[in-house]
There are 2 protein chains.
Amino acid sequence: MELQVLVLRPIFFFFFFVFLTILQQSSSARVLTITKPDRHDYAASARWLVSQNSWGVLSTLSVDHKGAPFGNVVSFSDGLPEKGNGIPYFYLTTLDPTARNALKDQRASLAISESPLGTCTRDPMNPTCSKLTLTGKLLILEGGSEEAEVAKKALFTKHPEMMDWPKDHDFRFFKLEIIDIFLINWYGGAKPITVDEYLHAKSIKLASFL
Amino acid sequence: MELQVLVLRPIFFFFFFVFLTILQQSSSARVLTITKPDRHDYAASARWLVSQNSWGVLSTLSVDHKGAPFGNVVSFSDGLPEKGNGIPYFYLTTLDPTARNALKDQRASLAISESPLGTCTRDPMNPTCSKLTLTGKLLILEGGSEEAEVAKKALFTKHPEMMDWPKDHDFRFFKLEIIDIFLINWYGGAKPITVDEYLHAKSIKLASFL
């Protein structure tokens with residue numbers, strides 16, 4: 001009995017510790033602040049994808065490749081939790097092709113997936129794993145303007161690392177002015193959703209960060 | 001003592017079971033078959049990203065939006081483990097804009113990130129979190145051709161769900177014929193890497209699936 005207690009107790013505590021560590025790691029991997037909206041609410045579904053994702057692929061028309069479509073992995077933010085406005089803001093350097101392309105031709109699109117959120121149970125291309133493409137104009141925001149401040153706050157709170165990015169790399173704030181929305185969040189093809197419905201979606205209740 | 005054994009033992013087994021379950025779930029979320037290559041080996045780094053990722057954003061020139069760049073979340077595969085050839089294959093339906101766009105104008109790019117692989121420790125846009133854009137031509141593969149069979153095998157083994165996708169949705173096999181490679185896998189901007197180096201990279205040793 002003495003032996004069992006001596007042996008079992010440390011083993012028990014070891015596994016309990018490991019269990020807690022794993023639990024902590026798996027929960028810190030992604031902090032989902034709200035649950036997935038009802039799939040019939042297209043505007044809320046689209047806003048949820050934008051609000052929850054931290055990166056996507058921003059496509060522009062390549063200057064280097066004579067107008068070919070050039071997708072680039074970028075971080076973005078549409079605002080602070082509970083205050084996101086649905087407009088994706090970016091912090092891009094003109095050392096990178098995407099910003100240079102946009103300064104030549106503003107046409108662009110941002111594609112994001114539900115896959116990184118960890119809520120998909122099927123293949124990333126299965127229609128039940130939501131995907132969203134926002135097509136519009138990638139516009140540079142005037143330094144010091146009110147909107148540049150909104151973008152800065154949105155980006156630096158979601159991507160605090162950006163505050164330390166090199167000052168001499170000509171990083172500038174951009175926004176995607178949305179013209180068209182392509183949303184798949186269930187079977188049956190792209191869902192009907194207007195930019196107005198998207199931008200004025202009922203404020204999706206975002207719980208404060210856990 | 002009796003009581004301790006009676007109480008401790010079930011608790012111990014409970015946590016042991018939970019521990020095993022979590023461990024299994026976290027490892028099944030992503031099966032990394034090889035570790036990240038040396039960052040100085042650009043070709044191996046690019047091939048690793050293609051081999052390990054299961055989805056990316058495929059950009060084409062939109063027919064519906066007068067040539068605007070249209071990024072779309074898609075699943076892809078470059079081949080069986082240990083036999084990947086670096087060429088991304090896709091299973092696209094003409095019900096979706098991407099395939100229709102490509103049939104009008106073949107210019108396309110595939111953008112993928114290291115972020116979904118779980119090996120990034122910094123922001124998805126930090127240069128240490130690798131990203132890759134393959135620019136080229138999105139070509140439809142002739143039904144029944146040798147290359148269509150290669151694509152089919154590559155896709156259906158990595159995305160078994162595809163085998164059950166609706167037969168009446170006109171899914172077809174496509175490949176990206178790579179013309180240019182844009183790789184960021186460390187500080188200092190895009191890395192010099194040719195298509196030839198990429199396609200003929202030393203066979204990256206892929207351990208069999210865990």
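Just so it is clear: chains get the letters A, B, ... in the order the sequence lines come, proteins before strands, and each one is counted from 1.
Counting heavy-atom pairs closer than 4.5 Å to chain A, the top-ranked of the candidates B:S59, B:S75, B:G67 is B:S75. Contact count versus chain A (heavy atoms, under 4.5 Å) is highest, among B:T135, B:L110, B:D180, for B:D180. Among the candidates B:V74, B:N72, B:I179, B:I184, the residue making the largest number of heavy-atom pairs closer than 4.5 Å to chain A is B:N72. Of all the listed residues (B:L95, B:L132, B:T60), the one sharing the greatest number of non-hydrogen pairs under 4.5 Å with chain A is B:T60. Ranked by heavy-atom pairs under 4.5 Å with chain B, the first of A:L134, A:V57, A:L58 is A:V57. The greatest number of non-hydrogen atom pairs below 4.5 Å with chain B, out of A:S62, A:G189, A:A111, A:A190, is found for A:A111.
Contact of A:Y91 with chain B is made through the backbone alone, with heavy-atom distances under 4.5 Å. Neither the backbone nor the side chain of B:D64 comes within less than 4.5 Å of any heavy atom in chain A. Residue contact with chain B, scored on non-hydrogen atoms closer than 4.5 Å, involves the backbone of A:I112 exclusively. Heavy-atom distances place the side chain of A:P97, and not its backbone, under 4.5 Å from chain B. Heavy atoms closer than 4.5 Å to chain B are found nowhere in A:D105, neither backbone nor side chain. Proximity to chain B involves both the backbone and the side chain of A:L61, based on heavy atoms less than 4.5 angstrom apart. Using a 4.5 Å cut-off between heavy atoms, A:T93 does not touch chain B at all.
A:L92 places a side-chain heavy atom less than 4.5 Å from the side chain of B:M125. In this structure, B:E161 and A:R122 have side chains that are in contact, with non-hydrogen atoms separated by less than 4.5 Å. Taking the side chain as every heavy atom from C-beta outward, B:P116 and A:W55 approach each other to under 4.5 Å. The closest side-chain heavy-atom distance from A:W165 to B:D123 is below 4.5 Å.
In A:K36, the NZ atom is crowded: over 12 heavy atoms of neighbouring residues, nucleotides or ligands sit closer than 6.0 Å. The number of heavy atoms from other shown groups lying within 6.0 Å of NZ (A:K66) does not exceed 12.
Pairing each heavy atom of B:V73 with each of A:K131, the nearest pair is O-NZ, 2.9 Å. When all heavy atoms of B:A68 and A:R107 are compared, the closest pair comes out as N-NH1, 4.0 Å.
Side-chain atoms of A:S109 come within 3.5 Å of backbone N or O of B:G71 as a donor-acceptor pair.
For A:Y198, there are no ring-ring contact (aromatic ring centres under 6.0 Å, His included) partners two or more places apart in sequence or in a different chain.
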